[in-house]
Amino acid sequence: ASKSKSAWTTQVLSAALDNPLRPQADRDRDADRKPAQLMEFFGVERGMTVVDLIVGGGFMTEVLSVAVGSAGKVYSQHEGANKALDERLANNRLPNVVRVDAKVIPASPNTVDLVITVMNLHDIYNMDPPLTQSAVKYLYGLLKPGGVLGVVDHVGIAGADNAKLHRMTKQQALEVVTGAGFVLEAESDVLAHPSDDH
């Protein structure tokens, strides 16, 4: 199948992200974070409506902002004070980003193309597995039919103290997301480190 006109290739998006308007600290992290490869893997296209869930400093929010373009929308969700996000979004620097300082995303059901969460699912799961299940079901309801939940996380191994290590097993993640109605479409080891003993 050929890609739509709105789709990115890794090469073209990498060039778009290597822009002086994007913070140098973000660009310095691209070699490890591989944002263009992730966007292509998750199928992010211009014009999409996406959610960056639990954004931290907003690195991925900015990547998504570039990837969906001016016709797209990014809900950048993070509860509580967030000075780094304040600075990133100051003066409407990313006009296609809607900041969400609450648990509930102000989008109607079945209107979102992609939800992505980076290095967060393990924290929610290790605190409260049932809460994780209900949260993922909520995300399922936001997504359009065929929408994508993109999960990037630290892989743990069975028998390890994964909560202490800030990890979860792939099986735990799969049980949570498939229990909410999702189907595993694809997985990637683009961020894997061969030296990681988990």
Side-chain angles (χ1 to χ4, degrees), residues 1-9 13 16 35-56 58-80 82 85 88-89 92 94-125 127-153 168 170-188:
S2 61
K3 288 193 167 198
S4 77
K5 291 184 293 185
S6 300
W8 292 95
T9 63
L13 183 53
Q37 291 95 318
L38 279 182
M39 294 301 99
E40 185 174 11
F41 175 72
F42 287 133
V44 180
E45 298 185 3
R46 298 167 182 89
M48 281 185 164
T49 297
V50 300
V51 174
D52 185 9
L53 192 73
I54 313 176
V55 302
F59 174 93
M60 196 57 66
T61 289
E62 183 137 352
V63 169
L64 288 163
S65 174
V66 173
V68 302
S70 58
K73 181 186 286 189
V74 181
Y75 291 102
S76 180
Q77 186 272 340
H78 185 96
E79 284 186 84
N82 190 328
L85 195 60
R88 188 178 293 276
L89 300 180
N92 200 30
L94 302 175
N96 61 351
V97 172
V98 176
R99 181 173 178 159
V100 180
D101 295 318
K103 285 183 179 152
V104 176
I105 309 297
S108 300
N110 305 313
T111 60
V112 173
D113 296 290
L114 166 86
V115 176
I116 188 169
T117 188
V118 179
M119 311 305 184
N120 297 306
L121 193 65
H122 70 272
D123 281 327
I124 306 168
Y125 183 86
M127 283 189 299
D128 191 341
L131 173 67
T132 311
Q133 187 79 68
S134 63
V136 173
K137 281 184 180 173
Y138 165 71
L139 299 174
Y140 185 91
L142 284 180
L143 287 161
K144 296 175 181 177
V148 172
L149 173 63
V151 177
V152 178
D153 217 322
M168 69 188 301
K170 191 182 291 185
Q171 186 59 36
Q172 289 168 329
L174 285 172
E175 286 170 4
V176 168
V177 298
T178 58
F182 289 99
V183 175
L184 178 63
E185 185 73 24
E187 52 187 298
S188 171

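Predicted, not measured: the structure shown is a model, and the values here were computed from it. In this chain, numbering begins with 1 at the start of the sequence shown.
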- Query: Under a 4.5 Å cut-off applied to non-hydrogen side-chain atoms, are T111 and T49 in contact?
  - Reply: no
- Message: Tell me every residue that passes side chain to side chain donor-acceptor pair (under 3.5 Å) with N110, counting only those two or more places apart in sequence or in another chain.
- Response: none
- Mind checking side-chain contact (heavy atoms from CB on, under 4.5 Å) for A135 and listing every partner two or more places apart, or none if nothing turns up? none
- Note on the structure: V148 meets the side-chain contact (heavy atoms from CB on, under 4.5 Å) criterion, sequence neighbours left out, with F42, L114
Can you give each donor-acceptor pair under 3.5 Å made by side-chain atoms of residues 181-188, sequence neighbours left out, with the distance rounded to 0.1 Å?
residue	atom	partner	partner atom	Å
E187	OE1	K170	NZ	2.7
S188	OG	V190	N	3.0

- Item | All side chain to side chain donor-acceptor pair (under 3.5 Å) counterparts of Q171, not counting sequence neighbours | E175
- So, for A67 and V44, which heavy atoms are closest and what is the spacing to 0.1 Å? CB-CG1, 3.6 Å
- Mark yes or no for whether N120, through its side chain, and L53, through its backbone, hold a donor-acceptor pair below 3.5 Å. yes
- Task: Would you mind listing every salt bridge (charged side-chain N to carboxylate O under 4.0 Å, His left out) that reaches into residues 94-118, with sequence neighbours excluded?
- Result: D86-R99, R99-D101, D113-K144
- Message: Show every salt bridge (charged side-chain N to carboxylate O under 4.0 Å, His left out) that has at least one partner inside residues 129-143, sequence neighbours left out.
- Response: none
- Note on the structure: With sequence neighbours left out, the residues meeting side-chain contact (heavy atoms from CB on, under 4.5 Å) with V176 are Y125, T132, V136
- Residues that V66 engages under side-chain contact (heavy atoms from CB on, under 4.5 Å), provided they are two or more places apart: L13, A16, L17
